[in-house]
J.: 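Take a look at this one; I'll ask things after.
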Protein chains: 2
Amino acid sequence: MSGPTADNDIFLDAFDGAPIRELAPREVLVAAGAPAEQVFNIVDGMLMLSRTGSDGRRQVLSFLGRDNFVGFTTTDRYSFTVQAVTPARVACCLRTAFDQRLERHPDAERAFRQMTFRVLEDMLDMIYSLGQRTALERLAVFLLYLRHARRLAGGIADDAAGLDDIALPMTREDIADFLGLQKETVSRSFGQLEERGLVRRLDSHRVQIAALESLRDLAGVVDFAAPRRLARR
Amino acid sequence: MSGPTADNDIFLDAFDGAPIRELAPREVLVAAGAPAEQVFNIVDGMLMLSRTGSDGRRQVLSFLGRDNFVGFTTTDRYSFTVQAVTPARVACCLRTAFDQRLERHPDAERAFRQMTFRVLEDMLDMIYSLGQRTALERLAVFLLYLRHARRLAGGIADDAAGLDDIALPMTREDIADFLGLQKETVSRSFGQLEERGLVRRLDSHRVQIAALESLRDLAGVVDFAAPRRLARR
DNA sequence: CGTCACTTTGAGCCCTCTCAAGGAGTGTGG
DNA sequence: CCACACTCCTTGAGAGGGCTCAAAGTGACG
């Protein structure tokens with residue numbers, strides 16, 4: 001659970017020479033409830049972090065790509081499940097080894113804290129989405145989020161060709177559980193986005209953004225407007 | 001945005017002798033978009049952290065009590081609003097001073113990272129709530145969350161007398177915006193909880209938990225069950 | 001005692017969910 | 001190479017939880 005950034009380099013060498021594990025789609029990397037002994041760095045592919053309730057309801061907490069970290073907890077057991085979405089490779093590192101590394105390198109410690117904070121801020125965005133946005137808006141945000149993620153991963157410019165072709169390696173149900181919707185609603189919302197001319201469905205796992213600005217309008221930028229009610233008296 | 005813990009002590013002295021600011025209910029401590037120059041420690045009272053979208057929709061991100069920290073960002077401007085719920089007092093510290101403190105004290109740095117991580121984990125719980133739970137369940141979780149917060153703040157035992165009397169200093173709309181509901185739905189859900197005998201409404205800002213275990217059942221403990229679909233082949 | 005803000009309750013509607021059927025793509029075996 | 005099975009996606013119809021609009025109730029304060 002973490003985000004990729006420029007100063008990742010400080011940790012990346014913690015995974016130098018670390019054993020690489022290969023994962024097939026849907027394969028579980030860490031199971032909720034298992035002892036949290038390792039931390040991981042995604043070398044390639046896409047992983048998915050989720051939490052499942054006792055009645056089977058599942059919330060996908062994030063989709064993670066290259067150079068993201070997973071497996072950190074404050075407790076001694078994982079409280080979430082991590083599994084592969086696409087074929088993936090992850091570097092595995094003992095948690096104790098990683099912790100020691102942070103202790104020895106104050107720079108790394110600080111950079112790691114900063115990274116944790118950025119992830120926290122992403123989670124706040126997600127909370128806003130789940131609490132306030134409609135199905136259509138959530139899907140729009142999701143597409144922009146995938147576009148943004150690819151842009152970051154590739155270090156590409158905002159207007160680079162092909163950037164508006166979005167790959168959706170996960171299933172509709174994965175998307176639904178991420179957005180707090182049902183898979184049918186996700187399907188229908190894709191339909192609506194297409195009807196409105198915002199996207200084109202190339203096939204069920206690829207969409208093309210047809211009207212980026214309109215999609216951004218729909219997603220709605222969270223701005224820094226004043227609170228609705230100011231202090232009185 | 002942070003949580004109170006035993007090892008807060010490491011930071012608390014960062015606020016020793018710091019100027020104290022008094023806040024009236026609804027008064028704004030930090031406005032979204034303002035330069036992020038200070039960080040705060042809540043000495044007394046309850047604060048509320050929220051984010052408002054361009055169309056006025058507001059998401060309350062958390063309610064914060066004594067010994068919680070607020071005001072941290074990775075950016076140079078606050079991306080959220082913080083305002084008082086009850087009359088409150090906060091200690092104010094320059095962000096640069098706090099950062100320097102962390103740099104000089106590796107122990108503090110580490111403890112702070114741990115704290116950030118715990119907050120992150122709380123946010124993951126919230127994401128599960130907003131994405132998967134019904135209105136009634138969210139309200140049940142909310143009451144248990146308030147009970148838990150008071151228990152932590154007071155260092156009280158789980159069966160201490162009076163612990164089941166929950167104060168609700170915030171408005172119904174604040175609760176609604178926290179839970180991703182409308183204020184009317186919050187009211188009706190309180191009604192349903194009372195009908196079912198789970199709580200008693202003492203007055204509009206106080207409820208008593210009448211059946212703690214049933215309320216916990218309703219809230220539903222997130223367990224570490226296996227994911228719905230395991231890897232095949 | 002009137003005003004004002006907040007809460008509660010009611011009625012009707014809409015967005016999303018549920019249940020169900022049909023379609024599309026993929027892999028397997030005949 | 002085709003038929004079949006299987007999974008996933010789409011679409012439809014109907015139901016329901018939560019939302020919107022509206023009005024009455026409650027408590028605080030001047």
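Note on naming: letters A, B, ... go to the chains in the order of the sequence lines (proteins, then strands), and numbering restarts at 1 for each one. The analysis underlying the following values was restricted to heavy atoms, covering all of them including side chains, and did not include hydrogens, waters or symmetry mates.
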J.: Tell me: CG of B/Leu179 to P of D/dC19, nearest whole Å?
T.: 11 Å
J.: Round to a whole Å and report the spacing from CD of B/Glu195 to C1' of C/dT9.
T.: 12 Å
J.: Taking all non-hydrogen atoms of both residues, which atom of B/Arg138 and which atom of B/Leu181 are closest, and how far apart?
T.: NH1-CD2, 3.9 Å
J.: CG of A/Leu193 versus C1' of D/dT10: gap in Å, rounded?
T.: 15 Å
J.: Just to confirm, is there a sub-4.0 Å distance from OP1 or OP2 of D/dC9 to any side-chain nitrogen or oxygen of A/Arg201?
T.: no
J.: Taking only the side-chain heavy atoms of A/Thr171 (C-beta and beyond), determine which of C/dC19, D/dC21, D/dC9 contains the nearest atom.
T.: D/dC9
J.: To the nearest Å, give me how far apart CE (B/Met170) and C1' (C/dC6) are.
T.: 15 Å
J.: Taking only Lys NZ, Arg NE, NH1 and NH2, and the carboxylate oxygens of Asp or Glu, determine whether A/Asp44 and A/Arg66 approach each other closer than 4.0 Å.
T.: no
J.: Hey, would you say the A/Tyr128 and B/Phe80 ring centroids sit under 6.0 Å apart?
T.: no
J.: Using a 4.0 Å heavy-atom cut-off, does A/Ser187 contact any base of the nucleic acid, only the sugar-phosphate backbone, or nothing at all?
T.: base
J.: Write down the distance between CG (A/Leu130) and P (C/dC15), rounded to a whole number of angstrom.
T.: 19 Å
J.: Would you name the heavy atoms of A/Leu49 and A/Val70 that are closest together and state the gap between them?
T.: CD1-CG1, 3.8 Å
J.: Would you say the side chain of B/Arg188 and the base of D/dT20 hold a donor-acceptor pair, judged only by whether the two atoms sit under 3.5 Å apart?
T.: yes
J.: Do B/Gln182 side-chain and D/dC21 base share a donor-acceptor contact under 3.5 Å?
T.: no
J.: Could you state the atom-to-atom distance from CD of B/Gln132 to P of C/dT16 in whole Å?
T.: 15 Å
J.: Over 60° means perpendicular and under 30° means parallel, so classify the ring planes of A/Phe63 and A/Phe142, tilted if in between.
T.: tilted
J.: For the side chain of A/Glu173 and the base of D/dC8, is some donor closer than 3.5 Å to an acceptor across the two?
T.: no
J.: Can you measure A/Arg172 atom CZ to C/dG23 atom P for me and round it to whole angstrom units?
T.: 19 Å
J.: Of the nucleotides D/dT20, C/dC17, C/dA20, which has the atom closest to the B/Glu184 side chain?
T.: D/dT20
J.: May I have the distance from A/Arg26 (atom CZ) to D/dT7 (atom P), rounded to whole angstrom?
T.: 13 Å
J.: Reckon A/Arg138 touches a base, only the sugar-phosphate, or nothing at all at heavy-atom distances under 4.0 Å?
T.: nothing
J.: Taking the minimum atom-to-atom distance to the side chain of A/Thr134, which one of D/dG18, C/dT16, C/dC19 wins?
T.: C/dT16
J.: Any side-chain N or O of B/His205 less than 4.0 Å from the OP1 or OP2 oxygen of C/dC6?
T.: no
